[in-house]
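Given the structure is predicted, the values throughout are model-derived calculations rather than measurements.
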Amino acid sequence: MFNFSKLGVPIIQAPMAGGTNNPLLASEVSNAGGVGSFGFAYSTPQKISEDLVATKSLTNGPINANFFVFSPVDLPAQSIQMQAIEALKNLPIEGEYSVVTPQAPFYPAIEDQLHPIWEHRPEILTFHFGIPSLSLLEKAHSLGIAVGITATNVGEAKAIEKVGADFIVAQGIEAGGHRGIFNPDGDDEKLSAIDLTKQLVKECKIPVVSAGAIMDGADIANTLKAGAVAAQLGTAFLCCDESTASPAHKEYLLKHHSRGSVFTTGFSGRLARGIDNEFIQLMNGKVVLPFPIQNTITASLRQLAVRVNNGEYQSLWAGQDYSRIRKLSARNLILRLKEELLITSTEQVLHKN
Ligand SMILES: Cc1cc2nc3c(=O)[nH]c(=O)nc-3n(C[C@H](O)[C@H](O)[C@H](O)COP(=O)(O)O)c2cc1C
């Protein structure tokens, strides 16, 4: 349904929930020939509507709107709640924050969030953490919107193909942000983006987009060589001039390379990869509430950390290869990636002959 070969450059700027995406970044990427995205997982319908209208006033290029498929969740026993709250109290950060157990509903209703999608019709709609209801998929298709869903293994990809999705986002273990595995308590094969892409291209008939530690044009060339139709880059766009990642997030991405990125459930209750910091270390072995309840109870702390510019208590989501990040405008980053892709593809052809 969506023709990736018509893109000026086979690049999707990854959807990144949590304030990094914005109309300027998405439109600059689209205007430069790629796909600009929004991570709308926690956004209100009004905010989604405003962002789409603003973006459409800046570009006629393709836009991707992304949502989480939340699983029903209950608050655990009172004693567990108390332990999780205790773990978050009196942390060594200057300023006031609150830790309060939230009440249901614990996450937004996707049907409400999708109203602005049906109205403004971005070209692409993607989902993370699972497969949405078939009626949502059918509605998207009836409006000419292509649907993509994240997979971390062949089983998930086959299920995605079976429900009639248009493409699969193959998320490797190197990827920054939340691991999109359907069942976070199940076995994780932890496949690299390139191995997963090769497996999905072999096993599935629908197009595969590859994600995870793709930082330059040579990485994109390798992923295309493995059979992907496009590369989805998150971390690479975080330090773009237009990115609204927090100043500390950008600083750590550019300067704190020896830390590395690690997985934690401490911020949200689900595994996500970010730059190692004091909070992640302190949460090791602590009781954590289920996703996304933990995300809600850490919100005040994370917001304070942004206000006082303290990177140790923010979720600094980043892929494994964040040390290769570049600080450029989105347009110049795409131009650079395109140039590097061309050079590597030409070299690959020459080597073959
Ligand atoms: C800051 C950040 C936020 C993210 N939020 C989302 C999201 O809301 N939805 C989603 O499908 N993927 C999300 N991801 C994962 C990306 O889609 C993608 O898998 C990842 O960025 C690829 O790895 P890379 O960061 O090394 O490029 C996020 C990634 C980052 C870095």
Side-chain angles (χ1 to χ4, degrees), residues 15-18 38-48 65-85 87-88 99-118 125-140 147-153 155-165 168-169 171 175 177-189 263-273 283 286-302 315 317:
M16 294 183 270
F38 285 91
F40 283 137
Y42 308 108
S43 305
T44 61
Q46 189 185 337
K47 174 78 172 129
I48 295 169
N66 172 272
F67 294 88
F68 290 168
V69 178
F70 290 102
S71 298
V73 61
D74 289 317
L75 270 176
Q78 190 79 24
S79 61
I80 308 273
Q81 288 178 42
M82 296 320 292
Q83 288 177 60
I85 287 175
L88 295 173
V99 191
V100 186
T101 313
Q103 303 297 317
F106 299 117
Y107 49 85
I110 198 159
E111 288 77 12
D112 296 343
Q113 288 182 308
L114 289 174
H115 277 304
I117 302 302
W118 309 145
L125 177 59
T126 54
F127 296 96
H128 206 51
F129 301 144
I131 297 175
S133 76
L134 289 188
S135 60
L136 296 182
L137 254 136
E138 281 161 15
K139 174 87 178 178
V147 176
I149 302 175
T150 305
T152 62
N153 58 50
E156 291 171 352
K158 290 254 183 204
I160 292 167
E161 185 167 53
K162 203 167 160 200
V163 294
I168 302 162
V169 179
Q171 191 193 38
H178 281 98
R179 182 109 178 108
I181 193 163
F182 289 7
N183 175 8
D185 302 321
D187 279 343
D188 189 337
E189 289 175 53
F263 277 109
T264 180
T265 55
F267 284 109
S268 74
R270 230 185 192 272
L271 274 184
R273 184 190 279 282
M283 290 303 286
K286 295 279 164 56
V287 172
V288 165
L289 295 182
F291 178 79
I293 302 177
Q294 181 75 10
N295 196 60
T296 310
I297 67 167
T298 61
S300 167
L301 169 67
R302 289 182 284 113
S315 48
W317 301 146

Does the side chain of Thr126 reach to within under 4.5 Å of the side chain of Thr150, using non-hydrogen atoms?
no
Just to verify, what does Glu111 make a side-chain contact (heavy atoms from CB on, under 4.5 Å) with, not counting sequence neighbours?
Ala109
Using a 6.0 Å distance limit plus a 45 degree cone around the ring axis, check whether Arg270 lies over the aromatic ring of Phe129.
yes
Between Ile149 and Pro132, what is the shortest heavy-atom contact and its length?
CD1-CD, 3.8 Å
What residues, two or more places apart in sequence or in another chain, satisfy side chain to side chain donor-acceptor pair (under 3.5 Å) together with Ser315?
none
Glu156: which residues meet the side-chain contact (heavy atoms from CB on, under 4.5 Å) condition with it, sequence neighbours left out?
Ala151, Thr152, Asn153, Ile181, Phe182
Begin from the C-alpha positions of Phe68 and Ile110 and carry the test side-chain contact (heavy atoms from CB on, under 4.5 Å) through to its verdict.
CA-CA 8 Å; Phe68 290 168; Ile110 198 159; over 6 Å; no
Salt bridge (Lys or Arg N to Asp or Glu O under 4.0 Å) partners for Lys286, two or more places apart:
none
Side chain to side chain donor-acceptor pair (under 3.5 Å) partners of Gln113, counting only residues at least two apart
none
Residues at least two apart in sequence or cross-chain that pass side-chain contact (heavy atoms from CB on, under 4.5 Å) with Leu75, listed by chain then number, are Gln81, Thr101, Phe106, Ile293
CZ-CD distance between Phe267 and Gln294, expressed to the nearest 0.5 angstrom
10.0 Å
Does the side chain of Phe291 come within less than 4.5 Å of Ser268's, by heavy atoms?
yes
Do the side chains of Pro76 and Leu289 get nearer than 4.5 Å, heavy atoms only?
yes
Taking only residues two or more places apart in sequence, or in another chain, which ones meet Asp188 in a salt bridge (Lys or Arg N to Asp or Glu O under 4.0 Å)?
Arg179
On a heavy-atom basis, the closest approach of Ala140 and Val147 is CB-CG2, 3.6 Å
With Ser43, which residues qualify under side-chain contact (heavy atoms from CB on, under 4.5 Å), at least two apart?
Phe40, Lys47, Ile48
Where Pro15 and Phe38 come nearest, the two heavy atoms and their spacing:
CB-O, 3.6 Å
Looking only at non-hydrogen atoms, find the nearest pair between Ile297 and Pro102 and report the distance.
CG2-CD, 3.4 Å
Below 4.5 Å, heavy atoms only, C-beta onward: do Phe67 and Leu125 meet side chain to side chain?
yes
Could you check if a side-chain atom of Phe127 sits within less than 4.5 angstrom of a side-chain atom of Leu137, using non-hydrogen atoms only?
no
If the condition is ring-ring contact (aromatic ring centres under 6.0 Å, His included), which residues does Tyr107 pass it with, not counting sequence neighbours?
Phe70
If I compare all heavy atoms of Gly266 with all of Thr298, which pair ends up nearest, and what's the gap?
O-CG2, 3.7 Å
With sequence neighbours left out, the residues meeting side chain to side chain donor-acceptor pair (under 3.5 Å) with Gln78 are none
Kindly state each residue pair satisfying side-chain hydrogen bond (donor to acceptor under 3.5 Å, both in side chains) with at least one member in residues 131-140, sequence neighbours excluded.
Ser133-Ser135
Shortest non-hydrogen contact from Pro290 toward Asp74:
CG-O, 3.9 Å
Quick one: are Val99 and Leu301 in side-chain contact, heavy atoms under 4.5 Å?
no
Is Met283 close to Thr265 at the side-chain level, that is, under 4.5 Å between some pair of heavy atoms?
no
Could you check if a side-chain atom of Leu134 sits within less than 4.5 angstrom of a side-chain atom of Val163, using non-hydrogen atoms only?
yes
Tell me whether His128 contacts the main-chain N or O of His178 through its side chain, where contact means a donor paired with an acceptor under 3.5 Å.
yes
